[in-house]
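These notes concern the structure reproduced below.
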Amino acid sequence: MENTEKLSDVTVREMTMDDVDGVFEVEKNCFEDFWSKQSFIDEVKNSNARYLVAEKDSKIVGYIGIWLIIDEGHITNVAVHSDYRGLKIGNELLKEMVKLCKENKIVAMTLEVRRSNLVAQNLYKKYGFKMAGVRKEYYSDNREDAIIMWNQLSEV
């Protein structure tokens, strides 16, 4: 797929139960150690979870999830199907999630990212995330370390 397509062709919206199959397809495309379809069904039902999907031509091409706990948000996953990378979909998903957090009076956001995933780390830095530590051998598929990143959205 050529990256001549426009971001304006992509819609970001809240995930519904009807989106689970599409989200699961993106998940399998992006991760070796992927979440089960049931995990996404459970997340849609989870009152602490919020998920956004990126949709293009009625197809789910990316998603982002977060758990909102009191006044903090923990990003659980961000994924863009490999056929749609380079279109700034991840950027749009993260921008909308930060907006959602601010609207819900979340004061800080956190996430873990693979030490080797510099593209994602740079995207997170663009939105104010800073390295705060390391989780040794966090990822079970290859025992890779995770970088812990935090974004202080507002003063406590």
key: Parallel, tilted or perpendicular, as decided by the 30° and 60° cut-offs, for the rings of Trp35 and Phe40   = tilted

query = Where do Asn29 and Ser82 come nearest, in terms of heavy atoms and distance?
reply = OD1-N, 2.7 Å

message = Membership question, hydrophobic clusters at under 4.5 Å side-chain separation (ILVMFWY): are Val78 and Phe34 in the same one?
response = no

request  = Would you check if there is a donor-acceptor pair between the side chains of Asp42 and Ser39 at a distance under 3.5 Å?
outcome  = no

note = Here the pair of heavy atoms bringing Val61 nearest to Val26 is C-CG2, 3.9 Å

message = Return the OG1 to CD1 distance between Thr76 and Ile64, rounded to the nearest 0.5 Å.
response = 8.0 Å

message = Under 4.5 Å between side-chain heavy atoms, counting indirect links through other Ile/Leu/Val/Met/Phe/Trp/Tyr residues: same cluster for Val80 and Val20 or not?
response = no

query = Do Asp19 side-chain atoms and Thr16 backbone N/O form a donor-acceptor pair below 3.5 Å?
reply = yes

key: Over all atoms of both residues, closest heavy-atom pair of Gly73 and Leu68   = CA-CD2, 4.1 Å

inquiry  = In this structure, would Ile75 and Tyr51 fall into the same cluster of hydrophobic residues linked by side-chain contacts under 4.5 Å?
reply    = no

Backbone N/O of Asn48 and side chain of Asn46: donor-acceptor pair under 3.5 Å = yes

inquiry  = Using modelled atom types and a 3.5 Å cut-off, is there a donor and acceptor pairing between side-chain atoms of Glu144 and backbone atoms of Ser116?
reply    = yes

message = Rounded to the nearest 0.5 Å, what separates atom NZ in Lys56 from atom OG1 in Thr11?
response = 9.5 Å

query = Within a reach of under 6.0 Å around CD of Glu103, are more than 12 heavy atoms found that belong to other residues, nucleotides or ligands?
reply = yes

Side chains of Val98 and Met109 in contact at under 4.5 Å (non-hydrogen atoms) = yes

query = Looking at Glu14 and Arg50, does any basic side-chain N land under 4.0 Å from a carboxylate oxygen?
reply = no

Side chain proximity check, Phe24 to Lys28, heavy atoms < 4.5 angstrom = yes

note = CD1 of Ile106 to CD1 of Ile66, rounded to nearest 0.5 Å, is 7.0 Å

request  = State, to 0.1 Å, how close Ala79 and Phe31 come at their nearest heavy-atom pair, and which atoms those are.
outcome  = CB-CE1, 3.8 Å

task = Indicate yes or no: at least one non-hydrogen side-chain atom of Met15 is less than 4.5 angstrom from one of Tyr63.
result = no

query = Can you find a side-chain donor-acceptor pair between Glu72 and Thr110 that sits under 3.5 Å?
reply = no

inquiry  = Could you check whether Asp71 pairs with Lys105 (Lys NZ or Arg NE/NH1/NH2 to Asp/Glu carboxylate O, under 4.0 Å)?
reply    = no

query = Under the side-chain contact (heavy atoms from CB on, under 4.5 Å) test, which residues partner Val113, sequence neighbours left out?
reply = Leu111, Asn117, Ala120, Gln121, Tyr124, Ile147, Met149

Aromatic plane relationship, His74 with Trp67 - under 30° parallel, 30 to 60° tilted, over 60° perpendicular = tilted

ask   = Heavy-atom distance under 4.5 Å between the side chains of Leu52 and Met97, does that happen here?
value = yes

query = For Asn151 and Leu153, what are the C-alpha separation, side-chain angles and deciding distance, and is it a side-chain contact (heavy atoms from CB on, under 4.5 Å)?
reply = CA-CA 6 Å; Asn151 181 353; Leu153 297 173; 3.7 Å; yes

message = Restricting to side-chain contact (heavy atoms from CB on, under 4.5 Å), what partner residues turn up for Asp145, sequence neighbours left out?
response = Arg115, Val134, Lys136, Glu137

query = Does some side-chain heavy atom of Val12 sit less than 4.5 Å from a side-chain heavy atom of Lys95?
reply = no

task = May I ask you to test the Ile148-Arg135 pair for a side-chain heavy-atom distance under 4.5 Å?
result = yes

request  = Is it possible for you to say whether Met17 and Ile60 belong to one hydrophobic cluster, with membership spreading through side-chain heavy-atom contacts below 4.5 Å?
outcome  = yes

Pair Lys125-Lys130, side-chain contact (heavy atoms from CB on, under 4.5 Å): steps then yes or no = CA-CA 6 Å; Lys125 286 175 186 173; Lys130 294 178 176 53; over 6 Å; no

inquiry  = Is there a path of hydrophobic side-chain contacts, each under 4.5 Å between heavy atoms of I/L/V/M/F/W/Y residues, joining Tyr139 to Met131?
reply    = no

query = Taking atom CG of Asp9 and atom OH of Tyr84, what is their separation to the nearest 0.5 Å?
reply = 11.0 Å

Whether over 12 other heavy atoms sit under 6.0 Å from Ile70 CD1 = no

Glu96 side, atom CD; Asn91 side, atom CG - distance, nearest 0.5 Å = 10.0 Å

request  = Please test Val53 against Val23 for side-chain contact (heavy atoms from CB on, under 4.5 Å), starting from the C-alpha separation and ending with a verdict.
outcome  = CA-CA 8 Å; Val53 295; Val23 167; 3.6 Å; yes

inquiry  = Please tell me whether Trp150 and Phe129 form a close aromatic pair, meaning their ring centres lie under 6.0 Å apart.
reply    = no

